Amino acid sequence: MTVVINPDFNPVPSRDLSHDVRAVAEPSAAAQAVAVAVSAEGDVPAIVGLNREALAAVGFTGAAGSTTLLPRQDGPVLVLVGLGDTKGSLTGAQLRDAAAALVRAASQLGTLEFDARGLSTVDARTIGEVVTEGAVLARYRYDALRSQPTTVPLTGFTLVVEAEQVAEAQAGIDRGLILARAMDTARDLANTPPRHLSAEKLGDLAVALGPELGLEVEIFDRAALIELGCGGLLGVNAGSVEEPRLIKLSYRPENATGHLALVGKGIMYDSGGISLKPSNAMHQAMKFDMMGAGAVFSAMSVLRDLGATAAVTGWMMCTDNMPSGSATKLGDVLTIRGGTTVEVKNTDAEGRLVLADGLVLATEEAVRPDAIVDIATLTGAAMAALGTRTAALLANNDAVAEQLQAAAVRTDENTWRLPLDHRYREQLKSNVADLSNIGGEYAGTTTAALFLNEFVDGLPWGHLDIAGTMKADADDLWRSTGSTGFGARLLAEFAVAFEAPQK
Ligand code: BES
Ligand code: ZN
Ligand code: ZN
């Protein structure tokens, strides 16, 4: 192949950015713009110097995410940021959105301030964390392949709190920086074009970064995968000129409080294979089909910094899905690790094939995991059902589902639980093999999850289908155009708070 790619190309440029975010008790003189959060009801903060009627006259009602700029003679621009209806109980998600709205409204300015005095219904640590996340995530832009960057970097961000809250708020800021960095890493990996980030290159990157992240990294190449009998990953890879990679990450804190396995779908590009996808907008986005694996890597990249006490093993199942003379054909039967045979009736239902090998490997670990969670851009049906803001969650265990949902609420990566209805299991029958890789016309998210459920050996398991939430078509508060990085913060929070379900 003769293609021109800079051999020094960096697939995770966000990791080189450092953000100076500080909690202060006095407004800073350097800020170019200062945000004041205003609810849709109640008093307008005194610093604004205007009442509701005056604000309504310029169309500002405090609606969630809305902003109005007020230039001042004697200080930085005031940015009024609407919190929406807070009914006296402001949430972290509202505050994260408000910080993101500030950063969007002041997109040409590099030094910003958020005045959070008076937001007493949220504790200072949470204020620090969510404001930082909102600010950093909203300023994200994927500029790695542009000749000229399009973004003004956020060089300074101050958060004004009451004097006695400064230390707590700074602790929250430090945590928010870690979580935002995880999500921006996931965005970088997904936004990187497939030629710039093959499975092999992703493996090389994990090996290079592993030591500084406190992760042990093992790479399984094609020969090793043949040895392991990973017929799902190899079968999906069969049409590709690129090698597959299984990237195993191990986080092993001393005196681990439990063991969690994370399995990610890493389809570096999903063409559909022989069941070729059409060249429409959605399929131009299929470089994002590795976001499950990207979320596993990115979440695990911050476990040590967040002080996670459970051991976590990550299984990134990576290959592209390509048509060619050597590709898997409809009717071919693959043997997943462990011996289950699968008739491939549609090569575009490839994610479940690569995940199956990963799930089996996870169950086989010497110290069996207390729970397994997989994450995948798995089905268009999840997007049809829940849209682009809510991921589908399915589980064979209520405790795992509840812990995932609690993490999702914290990070505002929304999930909604769908039923793992075993009556649809018969749709996965094949005339020639143990299973078919597709179900019927409806309940596609459930039948995909039922397929995965065949490989978890009854261990507590949760499944996140992030097909709908993987991308943003336009900047929208903390979501920036392109890959959303969905799942990275969620999995990090989940792993940090993980408690083994009762046996
Ligand atoms: N990667 C796709 C799912 C997807 C679709 C993600 C749209 C993001 C946006 C997956 O591999 C796929 O093609 N699934 C098929 C399964 C079907 C053939 C049973 C689908 O959803 O159509
Ligand atoms: Zn597919
Ligand atoms: Zn796919």
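Order of appearance sets the numbers: ligands from 1, and atoms from 1 within every ligand. As the structure is a prediction and not an experimental result, all values here were calculated from the model.
- Here's the thing with Lys277: one of its N/O atoms is less than 3.5 angstrom from an N/O atom of ligand 1.
- Side-chain contact check for Thr319 and Asn237: at least one donor-acceptor pair (N or O, by modelled atom type) lies under 3.5 Å.
- The shortest contact between atom 12 (C) of ligand 1 and any protein heavy atom is with Asp348 O, 3.1 Å.
- Atom 2 (C) of ligand 1 has as its closest protein heavy atom Asp270 OD2, 3.6 Å.
- Among all non-hydrogen protein atoms, the one lying nearest atom 1 (N) of ligand 1 is Asp289 OD1, 2.9 Å.
- Closest to atom 21 (O) of ligand 1 among all protein heavy atoms lies Gly380 N, 2.7 Å.
- When Ile438, Thr445, Thr447 are ranked by how near their heavy atoms come to atom 19 (C) of ligand 1, first place goes to Ile438.
- No side-chain N or O of Ser480 forms a donor-acceptor pair with one of Asp475 less than 3.5 Å apart.
- Closest protein heavy atom to atom 16 (C) of ligand 1: Arg352 NH2, 3.9 Å.
- Side chains of Thr340 and Asp434: a donor-acceptor N/O pair is absent below 3.5 angstrom, by distance only.
- Asp270 contributes atom OD2 as its closest N/O/S atom to the Zn ion (ligand 3).
- Among the atoms of Asp289, no N, O or S atom falls under 2.8 Å of the Zn ion (ligand 2).
- Nearest to atom 18 (C) of ligand 1 among the protein's heavy atoms is Asn346 ND2, 3.4 Å.
- Aromatic ring pairs are classed by plane angle as parallel below 30°, tilted from 30° to 60° and perpendicular above 60°; the pair Trp461 and His463 is parallel.
- Residue Asp348: no N/O/S atom is found under 2.8 Å from the Zn ion (ligand 3).
- Judged by distance alone, the side chain of Asp465 and the main-chain N or O of Leu378 form a donor-acceptor pair under 3.5 Å.
- Contacts between Lys471 and ligand 1 below 4.0 angstrom, taking non-hydrogen atoms only, are absent altogether.
- The backbone N or O of Ala238 sits less than 3.5 Å from a side-chain atom of Ser326, completing a donor-acceptor pair.
- Using modelled atom types, no side-chain atom of Thr445 and backbone atom of Ala392 make a donor-acceptor pair closer than 3.5 Å.
- Side-chain atoms of Arg181 do not come within 3.5 Å of backbone N or O of Val302 as any donor-acceptor pair.
- The ligand atoms of ligand 1 that sit less than 4.0 angstrom from a heavy atom of Glu350 are 11 (O).
- In this structure, atom 17 (C) of ligand 1 lies nearest to the protein heavy atom Ala349 CB, 4.3 Å.
- Protein heavy atom in closest approach to atom 4 (C) of ligand 1: Met286 CE, 3.8 Å.
- Here Gly351 does not reach the Zn ion (ligand 3): none of its N/O/S atoms is less than 2.8 Å from the metal.
- With 3.5 Å as the limit, one finds a donor-acceptor pair spanning the side chains of Thr185 and Arg15.
- Glu350 has its closest N, O or S atom to the Zn ion (ligand 2) at the position named OE1.
- You'll find the side chain of Thr484 reaches within 4.5 Å of the side chain of Met291, heavy atoms only.
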